[in-house]
Each structure stands twice: as structure tokens, then as C-alpha cells.
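Inspection log for the structure reproduced underneath, given as C-alpha cells.
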Amino acid sequence: MIEEYDVVVVGAGFAGPVAAKKCAEAGLKTLMLERSENPGEKVISGLTIPIYGFLFGPAFIRDGNPPIERPVDGIKNYVIYDIKAGDIDTVELRIPRPLSPIFAFGYNAYCKPFIAWEVDQAVKAGAELRTSTTAMDVIEEDGRIKGIVTDRGDRIRAKVVINCEGSQGILAVKAGVREKYPPEAISLADTYDYECPREVIDRVFGYTLRFCWGFDEQMIAPPLGHGNGLMSWPYRNSIHWMQDQCLSLDGGQVPNLRKLFDEYHENITTQLPWWRDEIAPSARLRARMWEGFEIFAGLDDRLRNMPNYTDGMILVGDAAGLESTGLCDGVPAAWFSADIAADTAIEAIKANDTSAGFLKRYDRRIKAHPIIQWTITCRGRWDLRKAQESHDRKELRARVDHQFGPGLLTHLGTPLTKSILEWLRKDPTVITKWVRMFLRYYHNWENEGSSRENLPGQPKKRGTLDITLALFDALGKLLSPLTLVVVWLLEPLTVAVNPLTKALHPLIELILSASIKMEPVFRPLTRWISNRVKQADPTIFDATKF
Amino acid sequence: MVRKSERFPGVEWVGETGAFIKIDDKKCTGCGNCLRVCLGRCFEIENKLARIKSLDECMECAACWYVCGDGAIDFAWPPGGTGYRSDWG
Ligand SMILES: Cc1cc2nc3c(=O)[nH]c(=O)nc-3n(C[C@H](O)[C@H](O)[C@H](O)COP(=O)(O)OP(=O)(O)OC[C@H]3O[C@@H](n4cnc5c(N)ncnc54)[C@H](O)[C@@H]3O)c2cc1C
Ligand code: SF4
Ligand code: SF4
């Protein structure tokens, strides 16, 4: 059977629905193909989606009610010099109370419900979804991609194929858009999901991720593979846990992961004091899965510059190698690139030109995106490896600080400020949407509702928060012209943010640690704010009316 | 048809996937890389060549495909709606 669409989106993971929704809203006949029976059930992830994904990502996610498992306020790193002797240092980067947990560093989620929610939004916007359908090959005519052949033998013609198939890129490789990534670019992530009572997680983790890094022989993670460690994520009633290892060691040798992952998992769960004493007694293993991701592709010039488009096809998210080497977060770049791909496809179809020459603007926009470029090129995690080998305590601590501690600001500062200013330039009142997002997400989380419709009980009466938000909106609108002037003045100075944070690093560290120490003082205020948000009428967080 | 595994809780395998991963005997050098990275223990070595023992616990991660430097592994996704799935990814 031959069918005709304007756009076919391959893969309904994190990126696919974002692209499909935008194309459908632009009036394009859009089809999403997903190989799993239910969207999201084949996607394996961490998962903390860092805040920049929500701030600068698709508006429907920022202004919506996606299902989240817990807000995250930062990272507590355990730097393990000698696990048996308990010689363990900590490095912490987090938003202090009373800002946290409402003003979050990111949000944790399970892939399946989050992706299902995204897909739902795309379908409501008019995109068609076909599950249990694998795109096996492309239709190629006159050297251009003209559509997709499915495993059911259907031939689906499309003006543009937006390929969101994930990191393996089987279709992209088969269609000759890019090459298969070498094992040096891939890390295999061994993932565990533990059920654990909420009180225990609240007490031990709070809202903070826990990462562990150690010298090789500490067996915190497989020893020979470039900045490895253990990452654990607190969810609502569960803990997600991941150790990962590059598939190729220096010298090209392939590690025996079958053996190593079991050894290291056993080692860390029985020896790491806080896991062994505080978590293990009440945790139960619920699931174990693994998946590969291309976290080192962006560090190699050749791999990073492999084509991400061809006549009739655009590669998005992990399929385009946009998985982050920095914080191991691929979702923000998947969302950003899906948005850009949809814009490009819409423009191309309107111009009646879906050739590579036209689609090249997609690549230009990806390369000009400050956060995408930062996430795929920052070397911190890779360089951590050297310190794990060198056995230099100071060096190891400094490397952890640089990538996962306060030092992060010395390289994320510029791209982050650039993006904030760019968004303010486009919409000077966007701050009110951002603030509402933080409040709405927290409200949803506390009320265990993933959507407003599901919230238990009746809306509460309006109060101080409502008035504050109304004032805030009015102020935002009033000051819009001034905001634009400030943005215009600051934009040329963004390059100075990284050097400035570098120069002020000791001071920033001091302020952060002092504010964390001061937290007990703010406990009553934090509780007061949290309760206000928790009990508010959810309609006051609606950002769609602006 | 739904299968579960004791070793890997929280995951199900549905339907008939067929042999979606294949090894080309002419290209396989018996290097054992696929065995080393496959956490699902899907491979074994027989007569100095790799062989698929069973794809029953395959998580479709493609690690075997990445590490086979000799291009002996042909990797394709199983038919739509079959293979592994989990609520906890
Ligand atoms: C263990 C692990 C931990 C991670 N931790 C984090 C984290 O903490 N934060 C973060 O932001 N990111 C994290 N990531 C990365 C993140 O999961 C990915 O970057 C993200 O899923 C990429 O989105 P995507 O849409 O490009 O691909 P995916 O989400 O992988 O979606 C691809 C979809 O396409 C479908 N598909 C594939 N091929 C076909 C085909 N031929 N036909 C039809 N359908 C097809 C798949 O079934 C899937 O649903 C992690 C990844 C892993 C593996
Ligand atoms: S990795 Fe490839 S060449 Fe090596 S044993 Fe496996 S199939 Fe054979
Ligand atoms: S895809 Fe992964 S789990 Fe499946 S056989 Fe290959 S290495 Fe093993």
C-alpha cells in the first residue's frame, strides 16, 4: 500500500512528538512511526532532564503538566579515595533552600509516562500515530529520500522524513546519511530501578542527585573507560541507578562488561556507606535494563561534523549524535533539535524545496545553538578519566568540581546566559512563564497529579500567591521595553561570563556552601512557601493565557 | 506471548522477534567482543566462531553491533511491537 504524507517522523521517543506536534500545528499532514507497542516502553534512561531543557525547549512542555517523578535541586558528588577506609570527600552543587525545591536544577522522570504524555499532545494537535511499526528502510528515488518502508511492507511517501530514531541510527546509517558510530563514541549504561519508601528518599536524598567517582581500583565503576562513575537519581518512591562504561578502552580493547558490571554493582551496594546503611535496608530491586548512548560522539571533530541531513531527511536528537557528554543529558538537545527540525521542514515544504541545499539551514541552526554545542563538546567527564588514573587526590576532586560541582558554572555560564538573553529578546515577558512553570511543576508533583484534570480535590481559594503573580505579570509587561534595552546591552558581554565565573570560582564556592549551611534557618520559610504553592488553585499557574 | 526473566526483573519480552541479529560466519574472527559486552548473554563461541545462543534476554542495545570490528554482525530492529519493553526505563 502506498500512502502520502507531508512529514513522516520516525520514532516517538523524547524528540519525535515535539517535531510531530509542531508540523501538525502548521497544517502539515504528519505521521509518527514507533516500533514499540506503547510509546516510551523501549526507551531506557536516567533520568534528570536539566532545567535548560524546560526553559528553552518546546513551549507546550514548559507550559504543560508533564508527569515528573521529583524536582531536583542539584548534585552531591562523592569523591572516593578509599572506600574500605571510608576516605570519601564530597563536592556539592545545588540550589539552596528556600529557592529549592521549587526553583529546580532539573526534573526526574520515567521515560514511558513522560513520552506517552508528549505523544498525547502531538496526537491532540493532529499528528497521526502508528505504533508497533518499525521503519526498516527508506524509499529512494533519483538519489533522494522520498519516504519510508515499514516492516509491514507499507510504503509511506513523505516530503520530509524527520528521523528521531535514537542513538543507534540504524535507519540513518542504512540510508547513508551518516556512518555508524565507532565503539569509542558509545557508553553502555547498566541501569537499575529500586523501589524505596518516599520517607527514606526524602531523608537521604531530599531533592539532590548523588554521583560517585573514585580511583580505578576503588571499583566504583568499571575501571578503564573515560570518566566513569555511578549516578543515582531519587524519584518519588524509587531510586534510579546507573553505571556506565565506554565500549572501547584506550588501545581499542573491548572491556568484559558482562563480568565488570556485576562486580561493581555488588561492590558499591555493599561498601558505599550511605547506600549500604541508609538505602539498602529498605530498597528492593524492581528492574534492571541497559542501553547504549553516544555520549562521546561530540568530542570527536569528525563524528561531530558527520551530516545530519540529506535530500528529504533530517536527523534529530540522539540519531544526530546530540547526546550530551557533559551531564549525560540528551533530552534537552533532542527537544531543541526536534523544534528546529520541524521549523526547517515547515519552511522547506512551504518553499517547495526539500533538497539538502535547503535543509542545510537545520545544521546551521544546530551549530549556532549555544546549549546544544556546549552539551556535546564539553570535555569534563572525559578528562575526569585522567584523574581517576593518576591517583592525584587534588586533581580528582578538582575534575569532579569542574564538571559536576560549582566549577560547572565556569563553562556553562556563557551558553546559559546567551540562551536566557535570546529568549528574553524574543519575548521579554517569558520570565513569567518560567516562574509559572516552576510553580506548576512543583504543585503537580506535591499533589501527585500529572495533569490538572487529575488533581484531587477542589481548587482552593485564591490568595497571596495569586496576587503576587498578578503583580509580577503586570511588572513584566510594564518593564518589557526596559528588558529589551538591558538584553541589547548585555548580549555582547555574554562571552565574559565564563571567564568571570572562573575568576570568582572560590567566592562562588564559598557562597554556595554558606547558603547550604544556612538552610536550617530557612526551614520554616521553605515550608511556608511550599505549602502555599501546594495548596494553591492550579489555574493561577496557567501560562497559556499569556 | 509475554516472557520474563529472573535475572532481569521489571522487563518483559513480547511476541516473536525472529532472528533480528545475525552473524556472518565468513566475517567472524571469533574475537569474542560481542560476548564481552552482551549483558543478556546472547552469544557463545562454538568452533572458534560466535553464535547466537538465544535472544531471549536481548535488550536491543546494539552494543554487539558496535564492537564487532569485522562487520560480522547484521543488526536490524525486531518487527514492530515485539521484543523488550519496560515501565521503568
Ligand atoms: C542509561 C541512560 C541514562 C540517561 N540519562 C539521561 C539523563 O539523566 N538526562 C537526559 O536528559 N538524558 C539522559 N539520557 C539520554 C536520553 O535518554 C536520550 O538523549 C533521549 O532519549 C534521546 O531522545 P530521542 O528522541 O533522540 O531518542 P529516543 O528517546 O531513544 O527515542 C527513539 C524512539 O524511536 C523508536 N525507534 C527507533 N528506531 C525506529 C524505527 N526504525 N522505526 C520506528 N521507531 C523507531 C524507539 O523505539 C524510540 O521510541 C540517558 C540515556 C541512557 C541510555
Ligand atoms: S564481535 Fe564479531 S567478529 Fe568478534 S566474535 Fe563477535 S561476531 Fe565474531
Ligand atoms: S543488542 Fe545488546 S543485549 Fe542484544 S545481543 Fe546485542 S549486546 Fe546483547
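All of these numbers come straight from a predicted model, not from anything done at the bench.
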**Verdict with reasoning, A:Ile148 to A:Val10, per side-chain contact (heavy atoms from CB on, under 4.5 Å)** = CA-CA 9 Å; A:Ile148 287 295; A:Val10 176; 4.0 Å; yes
**Request:** Could you grab the distance from atom OG of A:Ser187 to atom CD of A:Gln245, nearest 0.5 Å is fine?
**Result:** 6.5 Å
**Asked** What residues of residues 55-62 of chain B sit under 4.5 Å from chain A when only non-hydrogen atoms are counted?
**Response** B:Glu57, B:Met59, B:Glu60, B:Cys61, B:Ala62
**Prompt:** Out of B:Trp65, B:Phe8, B:Phe75, which one racks up the most heavy-atom pairs below 4.5 Å with chain A?
**Reply:** B:Trp65
**Prompt:** Considering only heavy atoms, which portion of B:Ser5 lies under 4.5 Å from any heavy atom of chain A: side chain, backbone, both, or neither?
**Reply:** neither
**Asked** side-chain contact (heavy atoms from CB on, under 4.5 Å) with A:Trp241: which of A:Leu285, A:Leu230, A:Ile279?
**Response** A:Leu230
**Message:** Quick check with a 6.0 Å cut-off and a 45 degree axis cone: is B:Arg85 positioned over the face of B:Trp13's six-membered ring?
**Reply:** no
**Message:** Whether the side chain of A:Glu34 engages the backbone of A:Ser36 through a donor-acceptor N/O pair (distance < 3.5 Å, no angle test) should be reported.
**Reply:** yes
**Prompt:** Which residues from residues 38-53 of chain B are near chain A, with near meaning under 4.5 Å between non-hydrogen atoms?
**Reply:** B:Cys38, B:Leu39, B:Gly40, B:Arg41
**Item:** Salt bridge flag under 4.0 Å for residues B:Lys27 and B:Asp70
**Value:** no
**Request:** Considering only NZ, NE, NH1 and NH2 on the basic side and carboxylate oxygens on the acidic side, decide whether A:Glu3 and A:Arg130 come within less than 4.0 Å.
**Result:** yes
**Prompt:** For chain B, which of A:Asp193, A:Asn38, A:Leu47 has the most heavy-atom pairs under 4.5 Å?
**Reply:** A:Asp193
**Aromatic ring pairing A:Tyr194/A:Tyr192, orientation class (parallel under 30°, perpendicular over 60°, tilted between)** = parallel
**Asked** Taking the six-membered ring for Trp, is the centroid-to-centroid distance between A:Phe261 and A:Trp290 below 6.0 Å?
**Response** no
**Request:** Find the one option among B:Pro78, B:Gly69, B:Gly32, B:Ala76 whose heavy-atom pairs under 4.5 Å with chain A are most numerous.
**Result:** B:Pro78
**Message:** At a heavy-atom distance under 4.5 Å, which candidate from A:Ile44, A:Val254, A:Asp151 has the highest pair count against chain B?
**Reply:** A:Val254
**Asked** Within the distance-only criterion (no hydrogens, no angle test), does the side chain of A:Arg178 pair as donor or acceptor with the backbone N or O of A:Ala319 below 3.5 angstrom?
**Response** yes
**Fill in**
Looking only at A:Pro183, A:Ala287, A:Pro113, A:Ser167, most heavy-atom pairs under 4.5 Å shared with chain B are made by A:Ala287
**Item:** For chain B, the option from A:Glu37, A:Arg286, A:Gln168 that forms the most heavy-atom pairs under 4.5 Å
**Value:** A:Arg286
**Prompt:** With only heavy atoms counted, which part of B:Val37 is less than 4.5 Å from chain A, the side chain, the backbone, both or neither?
**Reply:** both
**Request:** Measure distances from A:Leu247 to the heavy atoms of chain B and classify the residue's part below 4.5 Å as side chain, backbone, both or neither.
**Result:** both
**Request:** Spell out, as yes or no, whether a donor-acceptor pair under 3.5 Å connects the side chain of A:Asn108 to the backbone of A:Pro234.
**Result:** yes
**Request:** Sort out for me which of B:Ser86, B:Gly81, B:Gly89, B:Gly10 touches chain A most, counting heavy-atom pairs under 4.5 Å.
**Result:** B:Gly89
**Prompt:** Taking the six-membered ring of B:Trp88 as reference, does the NZ or CZ atom of A:Lys112 fall below 6.0 Å from its centre and within a 45° cone about the axis?
**Reply:** no
**Fill in**
Note: A:Ile115 and A:Ala12 closest approach over all heavy atoms is CG2-O, 3.2 Å
**Asked** Where on A:Thr131 is there a heavy atom nearer than 4.5 Å to chain B: the side chain, the backbone, both, or neither?
**Response** neither
**Asked** Under 3.5 Å, is there a donor-acceptor pair between the side chain of A:His240 and the main chain of A:Gly46?
**Response** yes
**Item:** Validation row, ring centre A:Tyr110 to ring centre A:Tyr235 under 6.0 Å
**Value:** yes
